[in-house]
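Atoms within each ligand, like the ligands themselves, are counted from 1 in listed order. None of the values given here were measured: they were computed from a predicted structure.
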Amino acid sequence: MIKKFIPTIIKHTIYDIDFKDLYDKGKRYLLCDLDNTLIPYDMDLADDKFKDLLKEIKNIGFELVIVSNNHKKRVKRFGDDLNLMTFSNSLKPLKFGLKKALKYIRKKDFPNSKIKDIKKYVITIGDQLMTDVFASSRLKLDSILVHPLKKKTEKWYTRFNRSMERRIIKRFKKEYPSVYEEINEKHEY
Ligand SMILES: [Mg+2]
């Protein structure tokens with residue numbers, strides 16, 4: 001069970017991800033969380049730094065799709081500004097939102113494939129073990145965990161998830177010490 005909370009890759013921020021390497025390894029779609037992964041809760045739109053990164057990501061050949069648990073107004077506003085496909089109210093750790101994103105990819109680029117056959121092209125990016133990483137594992141998708149941009153502005157339900165997250169990380173210490181060390185080193189828990 002605790003294995004399902006282990007991300008495939010651990011990075012400090014999205015700016016530390018080697019996207020070229022991911023592309024070389026066959027990834028083509030980034031299913032990306034919004035809050036505290038791309039922008040903190042107290043921002044509505046992308047900053048120039050992220051816009052530059054997005055250009056780079058697109059140039060490499062990726063499509064970035066936003067899969068967020070937040071409400072439609074916030075998620076769509078962010079996505080429309082950057083011309084990105086968005087899925088809101090995703091209910092991670094349920095599979096609901098990520099599944100919708102996978103169906104969107106299939107319909108657009110792999111109409112004759114089964115969902116399970118396109119998962120190898122996909123990797124998720126998010127800042128929470130309890131929602132982003134767990135939902136990805138449940139769908140057998142590779143995942144990248146990043147450190148939350150700004151913890152101070154997190155809502156009560158995210159704070160609750162964080163307390164659960166701390167417990168899981170403590171268990172990593174015993175059962176998966178190398179994962180524990182990597183999270184500690186990159187995220188300063
Ligand atoms: Mg988040």
* To do: Considering just N/O/S atoms, say which atom of D127 is closest to the Mg ion (ligand 1).
  => OD1

* Starting at CD1 of I105, measure out to NZ of K100 and round the result to the nearest 0.5 Å. => 14.0 Å

* K58, K27, K108, R28 screened by salt bridge (charged side-chain N to carboxylate O under 4.0 Å, His left out) with E63, the one that passes -> K108

* Asked: Are T86 and V65 close enough, and set up right, to give a side chain to side chain contact (heavy atoms under 4.5 Å, CB included), and what steps lead you there?
  -> CA-CA 6 Å; T86 57; V65 177; over 6 Å; no

* Which N, O or S atom name in D33 marks its closest approach to the Mg ion (ligand 1)? -> OD2

* To do: Answer yes or no for D132: is there an N/O/S atom below the 2.8 Å cut-off from the Mg ion (ligand 1)?
  => no

* When clusters are formed by joining ILVMFWY residues with side-chain heavy atoms under 4.5 Å apart, either directly or through shared neighbours, do V67 and I9 land in the same one? -> no

* To do: Determine which of the N, O or S atoms in D35 is closest to the Mg ion (ligand 1) and give its atom name.
  => O

